[in-house]
Structures are given as structure tokens and as C-alpha cells.
Novice: 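Pasting a structure below so you can have a look.
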Amino acid sequence: MGLIIRLLITAFSLWLATVLIDGIELTTDSVSEQIITLLIVAVIFGVINAVLRPIIKVVGCGLYVLTLGLIALIVNGALFLLTSWVADQFDLPFHVDNFWPSAVLGALLVGVVSWLLNMLVPDSND
């Protein structure tokens, strides 16, 4: 159940990014298609982050130390842009226009909103 709630939180965060940030678009008028698209993009975003982020952290750990973690903004933006590209390959109506500022700000917003809302969801251990 927690996985579904976290998926819904990520989908909500993605929707919020499309509303608040210029350059991140959800190009469909149908509400049901928007919801389905956001859920699929949330799954894509989760898979990309689960697979690539640990690899990037291990390979680029020197850059993380050298920049005191600020390289994470670049990595998050790149992964967000990759999510947009994968969504485009599946013909989903979700698009991020450019890396700066759209992808970086979008990844930052999705990360912060998801983190805040996930704090409200109890872990299964508790």
C-alpha cells in the first residue's frame, strides 16, 4: 500500500511541476488521460532514479565531494530530462523543454514536494 501512496505522491509532484514551472508541459486536455500519464511518468521517474542514481553516485562520488553535493542538482535535472525523453518514446504527452531552468527546477520541486509528502506516510516498520 505504501508503494501506491508514494507513486501517487510522485504523480502529484509531477503535476505540480507542470502547473508551476514554465517548460514542463502535460499536453492533453482529458483529465483521465492526464492522470494516467502522470502515473506512468511517475513510474518511469522512479525506475530511472532507482537504477541510475546509485550508479551515478558511485561513479561520480569525487564530484559530489568536490562540489559539496551541488552536483546533485545537475544529476537530478539530467535524470528529469531523461524521464521526459523516455516518456516521449512512449508517446506520452509529458515534455520538459530544456535542461536549465525547466529540468533542474522541476527535479528540485518534485524532490522537495515528494519528500515533504512522504514524511506524512508512515513506514511499514512503524
Side-chain angles (χ1 to χ4, degrees):
M1 188 63 164
L3 182 65
I4 293 171
I5 292 172
R6 284 177 172 75
L7 178 68
L8 293 172
I9 288 172
T10 304
F12 173 76
S13 301
L14 288 166
W15 172 78
L16 202 58
T18 63
V19 172
L20 296 177
I21 298 176
D22 290 332
I24 301 175
E25 302 166 352
L26 188 57
T27 56
T28 182
D29 293 330
S30 168
V31 174
S32 62
E33 191 173 330
Q34 286 179 356
I35 292 170
I36 292 169
T37 299
L38 288 170
L39 289 172
I40 294 170
V41 172
V43 169
I44 293 169
F45 188 63
V47 169
I48 286 174
N49 279 316
V51 173
L52 292 181
R53 184 182 304 255
I55 295 169
I56 292 170
K57 280 187 175 182
V58 169
V59 171
C61 69
L63 285 175
Y64 278 88
V65 171
L66 185 65
T67 64
L68 302 175
L70 290 177
I71 193 72
L73 291 172
I74 306 295
V75 170
N76 290 343
L79 293 176
F80 198 70
L81 203 56
L82 179 62
T83 300
S84 172
W85 180 80
V86 171
D88 188 46
Q89 299 306 306
F90 288 109
D91 291 327
L92 295 172
F94 179 84
H95 181 70
V96 178
D97 286 340
N98 48 25
F99 179 75
W100 179 260
S102 300
V104 173
L105 292 178
L108 189 60
L109 179 72
V110 168
V112 169
V113 171
S114 294
W115 174 70
L116 288 172
L117 292 177
N118 278 320
M119 286 178 42
L120 301 175
V121 177
D123 288 336
S124 58
N125 307 7
D126 295 345

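We're numbering straight along the sequence, starting at 1.
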Novice: Where is the tightest heavy-atom contact between Gly77 and Ala103, given as atom of each residue plus distance?
Specialist: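 Scanning both residues completely, I find the closest heavy atoms to be O-CB, 3.4 Å.
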Novice: Quick one: CG on Asn118 to OG on Ser13, what's the gap to the nearest 0.5 Å?
Specialist: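 Atom-to-atom, Asn118:CG and Ser13:OG are 8.0 Å apart.
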Novice: Side-chain atoms of residues 82-93: list all donor-acceptor pairs with protein atoms under 3.5 Å, sequence neighbours left out, distances to 0.1 Å.
Specialist:
unit_1	atom_1	unit_2	atom_2	d
Thr83	OG1	Leu79	O	2.9
Ser84	OG	Val96	N	2.9

Novice: Nearest 0.5 Å, please: how far is CD1 in Ile44 from OG1 in Thr37?
Specialist: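 Taking OG1 in Thr37 and CD1 in Ile44, the distance rounds to 9.5 Å.
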Novice: Decide whether Ile71 and Leu68 are clustered together by the hydrophobic rule: side chain heavy atoms of Ile, Leu, Val, Met, Phe, Trp, Tyr closer than 4.5 Å, transitively.
Specialist: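 No, separate clusters.
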Novice: Any sub-3.5 Å donor-acceptor pair from Ser114's side-chain atoms to Gly111's backbone N or O?
Specialist: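 Here the side-chain-to-backbone pair does not exist.
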Novice: Report the distance from atom CD of Glu33 to atom OG1 of Thr27, rounding to the nearest 0.5 Å.
Specialist: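 Result: 8.5 Å between the selected atoms.
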Novice: With a cut-off of 3.5 Å and sequence neighbours excluded, list every side-chain donor-acceptor pair involving residues 53-66.
Specialist:
unit_1	atom_1	unit_2	atom_2	d
Arg53	NH1	Asn76	OD1	2.7
Arg53	NH2	Asn49	OD1	2.8
Arg53	NH2	Asn76	OD1	3.1

Novice: Would you kindly say whether Ser32 and Ser30 are connected by a side-chain donor-acceptor distance under 3.5 Å?
Specialist: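 A pair is found: one side chain offers a donor N or O, the other an acceptor, under 3.5 Å apart.
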Novice: Which residue pairs pass the salt bridge (charged side-chain N to carboxylate O under 4.0 Å, His left out) test with at least one member in residues 5-29, sequence neighbours excluded?
Specialist: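 Output for this query lists Arg6-Asp123.
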Novice: For Ser102 versus Gly23, what's the shortest heavy-atom pair and its separation?
Specialist: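 Taking every non-hydrogen atom into account, OG-CA, 3.5 Å.
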Novice: With hydrophobic residues grouped by side-chain heavy-atom distances under 4.5 Å, do Leu117 and Met1 end up in a single group?
Specialist: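 Hydrophobic grouping puts Leu117 with Met1.
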Novice: Determine whether Leu39 and Leu3 fall in the same hydrophobic cluster, where Ile, Leu, Val, Met, Phe, Trp and Tyr are linked whenever their side-chain heavy atoms lie under 4.5 Å apart.
Specialist: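 In one cluster: no.
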Novice: Let me confirm one number: the CD1-CG distance from Ile21 to Asp97, rounded to the nearest 0.5 Å.
Specialist: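 With rounding to 0.5 Å, CD1 (Ile21) is 12.0 Å from CG (Asp97).
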Novice: List the steps and the verdict of side-chain contact (heavy atoms from CB on, under 4.5 Å) for Phe80 and Leu108.
Specialist: CA-CA 10 Å; Phe80 198 70; Leu108 189 60; over 6 Å; no
Novice: Would you check if Phe94 and Ile40 make a side-chain contact, meaning some heavy-atom pair closer than 4.5 Å?
Specialist: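 Contact flag for Phe94/Ile40 side chains = no.
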Novice: Which pair of heavy atoms, one from Phe45 and one from Val110, lies closest together, and at what distance?
Specialist: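 So the two residues come closest at CE2-CG1, 3.7 Å.
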